[in-house]
Amino acid sequence: MAISYLLRSSILAVAALLLFSVNLAKGDIREYQFDVKTTNVTRLCSSKSIVTVNGQFPGPTVFAREGDLVVIRVINHSPYNMSIHWHGIRQLRSGWADGPAYITQCPIQPGGSYVYKYTITGQRGTLWWHAHISWLRATVYGPIIILPKAGVPYPFPAPDKEVPVVFGEWWKADTEAVISQATQTGGGPNVSDAFTINGLPGPLYNCSAKDTFKLKVEAGKTYMLRLINAALNDELFFSIAGHTLTVVDVDAVYVKPFTVDTLLITPGQTTNVLLTTKPSYPGATFYMLAAPYSTAMSGTFDNTTVAGILEYEDPSSHSTAAFNKNLPVLRPTLPQINDTSFVSNYTAKLRSLATAEYPANVPQQVDTRFFFTVGLGTHPCAVNGTCQGPNGSRFAAAVNNVSFVLPSTALLQSHYTGRSNGVYASNFPAMPLSPFNYTGTPPNNTNVSNGTRLVVLPYGASVELVMQGTSVLGAESHPFHLHGFNFFVVGQGFGNFDPVNDPAKYNLVDPVERNTVGVPAAGWVAIRFLADNPGVWFMHCHLEVHVSWGLKMAWVVQDGSLPNQKILPPPSDLPKC
């Protein structure tokens, strides 16, 4: 009797605790509808039809709090296949909602729809969403703003106002035609005509002064700018004349605050900065400039500058009309386009907060090590063909000499149903099969292989990955994004990675945690992550031209033994190929 009572009491206590935990963890439901459709937009005195969400460019902001369930119904009214990726969302056990076409889902066909459902777990900050098929993310993108749980403050002084600032890239031409032509010729695609801030090119471009992003501020206030680089092919420097920026968060992870005049943000990355305005009205306006960082020799970048305007409210003026054109406009000085030392010094300042409340859970022990070369290469031109790549070849790009080929069905579905034969192979090389002097004189043979090859990881494995840039067809920086995980950037350097001496210099205490990291030009970066999210997860360079050339691969993380370590079943409305 006593044992029965104790057992029943224990069961009730556990049930009560579980119920409390569920109620504590349960957030609100945030529902959105995304109508994907074509919309006529005019920029640079030229009109064209672009793909948008809800007719907006950039697209609508998704607002949520940590712990919320987000439900977004995407209806495709456009003439293109569509899929949407929620960049940086961990998607714990919900890989069906991750979005990359032919990786976690077949695309949503014209006239079709799909409901993306995911819970935001342990994340707060700025992320973003974008199309994840072909080059449609050129115009299909928008912010995701995740506030802390109700009542939880920021670990820095609360700003007076928060403003999303999204960098983009604009072509006068149809971007689908741009990449289609490049694919046919094997050459580099035509570069963009302008960069944009919140969809606007600004006064430094022809006939675009009326299309300028203006940030109106008051003296003596603090503003949090939620910066997002949604450009297709360019890492960007950003600076505001006469003002400093305090970095407090990258990729929705708090960092130890530090103050800079200029920052770097790669495609795929987000950065929250605090901007404190001058204590009194300055009698001037200030350019906010963004311009590219590139060491590329292949010419696939747009070397122009986008400007927004920081404009102070004049306390002596009672007019809310357009700003005073007679005021001087101050302009910041940005680094040179190829200033790799600035980039290295900036990224070295990024450190996790690593407090009791926001710990840096860096894997101290490693189960599996990988060494991936990342860089450009070539494919031979077809017999009797004419190609516009290097020496009459076709441009390609590869990880460990494998240029990734997207399958015609979704990898996650193939994995989940156990039908991988003929879809993918599980033999992606853990290291280069033919080592060479990666950052020295490149080999004469620059051809790379093709394949749909994946790495398979057991659930819970602690992984270290060193990504080594190469000098093949020129040393470039490659911003790599890993879906489904955050990772810790434990080390980076120039030249060839030294497996004997470089690991001794790793930071295993407070390395920055993020989802997108730049592999330095002619250098390497080491990351660590825990494979605690079952599914199939894409990893790729976030320069879209390199993705098109094959600079991508994928990881399979197997189910764990416990129920909460297994991927959830696919939703009934999952699109079919």
Side-chain angles (χ1 to χ4, degrees), residues 21-37 51-56 58-78 81-101 103-133 136-137 140-150 164 226 228 252 270 410 412-413 416 483-485 515 533-538 564 566-576:
S21 302
V22 168
N23 287 339
L24 192 69
K26 194 175 182 183
D28 291 337
I29 299 175
R30 309 280 178 173
E31 296 189 70
Y32 292 86
Q33 180 163 310
F34 278 18
D35 287 296
V36 179
K37 55 188 177 183
V51 183
T52 64
V53 168
N54 299 349
Q56 297 172 233
T61 300
V62 172
F63 290 96
R65 283 195 185 275
E66 179 186 346
D68 286 353
L69 173 66
V70 178
V71 180
I72 303 181
R73 181 177 176 81
V74 176
I75 305 170
N76 186 11
H77 307 278
S78 84
N81 282 348
M82 178 56 60
S83 74
I84 293 185
H85 171 51
W86 318 94
H87 184 114
I89 297 288
R90 281 292 318 270
Q91 299 289 3
L92 287 166
R93 302 175 61 215
S94 58
W96 309 105
D98 191 41
I103 305 295
T104 59
Q105 67 168 91
C106 298
I108 308 166
Q109 295 178 9
S113 67
Y114 181 45
V115 178
Y116 291 90
K117 287 185 186 178
Y118 52 87
T119 299
I120 298 171
T121 305
Q123 294 182 279
R124 77 296 300 167
T126 305
L127 295 171
W128 63 300
W129 58 265
H130 61 82
H132 211 306
I133 182 167
L136 291 168
R137 77 171 181 85
V140 180
Y141 62 83
I144 301 174
I145 293 177
I146 308 168
L147 299 174
K149 289 181 177 179
R226 295 177 175 269
I228 299 168
T270 65
L412 181 56
Q413 184 83 5
Y416 184 81
H483 290 229
F485 299 92
N515 63 58
N533 195 6
V536 178
W537 304 107
F538 208 17
N564 65 350
K566 300 180 190 301
I567 190 167
L568 296 167
S572 58
D573 64 337
L574 189 69
K576 293 179 173 56

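We count residues from 1, following the sequence as given.
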Spatial distance of atom [atom1] ([X]) from atom [atom2] ([Y]) [nearest 0.5 Å]:
{"X": "F485", "Y": "L92", "atom1": "CZ", "atom2": "CG", "answer": "8.5 Å"}
{"X": "H483", "Y": "I89", "atom1": "NE2", "atom2": "CD1", "answer": "12.5 Å"}
{"X": "D35", "Y": "Q56", "atom1": "CG", "atom2": "CD", "answer": "10.5 Å"}
{"X": "Q109", "Y": "N81", "atom1": "CD", "atom2": "CG", "answer": "5.5 Å"}
{"X": "R226", "Y": "I144", "atom1": "CZ", "atom2": "CD1", "answer": "11.5 Å"}

Can you say whether the rings of F34 and W129 are parallel (under 30°), tilted (30 to 60°) or perpendicular (over 60°)? tilted
Quick one, I146 with L127, criterion side-chain contact (heavy atoms from CB on, under 4.5 Å). Give me CA distance, side-chain angles, the key distance, then yes/no. CA-CA 8 Å; I146 308 168; L127 295 171; 3.8 Å; yes
For the ring pair H87 and W128, is the centre-to-centre distance below 6.0 Å?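 Yes; W128 has its ring centre under 6.0 Å from that of H87.
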Counting only heavy atoms not in [X], do more than 12 sit closer than 6.0 Å to its [atom1] atom?
{"X": "K566", "atom1": "NZ", "answer": "yes"}
{"X": "I29", "atom1": "CD1", "answer": "no"}
{"X": "R65", "atom1": "CZ", "answer": "yes"}

Work out which heavy atom in [X] is nearest to a heavy atom in [Y]; give both atom names and the distance.
{"X": "N54", "Y": "Q33", "value": "ND2-O, 3.2 Å"}
{"X": "S83", "Y": "P100", "value": "OG-C, 4.1 Å"}
{"X": "G59", "Y": "P143", "value": "O-CD, 4.1 Å"}
{"X": "R73", "Y": "S113", "value": "NH2-OG, 3.6 Å"}
{"X": "I567", "Y": "P534", "value": "N-CG, 3.5 Å"}
{"X": "P164", "Y": "I145", "value": "CG-CD1, 4.1 Å"}

Applying side-chain hydrogen bond (donor to acceptor under 3.5 Å, both in side chains), name anything that partners R124, two or more places apart in sequence or on another chain.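 Partners of R124 under the side-chain hydrogen bond (donor to acceptor under 3.5 Å, both in side chains) test: E66.
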Is there a donor-acceptor pair closer than 3.5 Å between any side-chain N or O of [X] and the backbone N or O of [Y]?
{"X": "T52", "Y": "K37", "result": "yes"}
{"X": "W96", "Y": "L412", "result": "no"}
{"X": "T270", "Y": "I228", "result": "no"}
{"X": "N533", "Y": "R93", "result": "yes"}
{"X": "N76", "Y": "I108", "result": "yes"}
{"X": "D573", "Y": "Y114", "result": "no"}
{"X": "S78", "Y": "V51", "result": "no"}
{"X": "N515", "Y": "R90", "result": "no"}

Measuring only between side-chain heavy atoms, which start at C-beta, is V36 closer than 4.5 Å to V74?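 V36 reaches V74 side chain to side chain.
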Within a strict 4.5 Å, meaning less than it, do heavy atoms of the Y32 and P60 side chains meet? no
Under a 3.5 Å cutoff, is there a donor and acceptor pairing between the side chains of Y116 and Q91?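 Side chains of Y116 and Q91: no pair found under 3.5 Å.
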Y118: ring pair (Phe, Tyr, Trp, His ring centres under 6.0 Å) partners, not counting sequence neighbours: W86
Step by step, would you call V70 with T119 a side-chain contact (heavy atoms from CB on, under 4.5 Å)? CA-CA 6 Å; V70 178; T119 299; over 6 Å; no
Step-by-step side-chain contact (heavy atoms from CB on, under 4.5 Å) determination, R137 to H85: CA-CA 10 Å; R137 77 171 181 85; H85 171 51; over 6 Å; no
What do the steps show when you test Q105 against L574 for side-chain contact (heavy atoms from CB on, under 4.5 Å), and what is the final call? CA-CA 7 Å; Q105 67 168 91; L574 189 69; 4.2 Å; yes
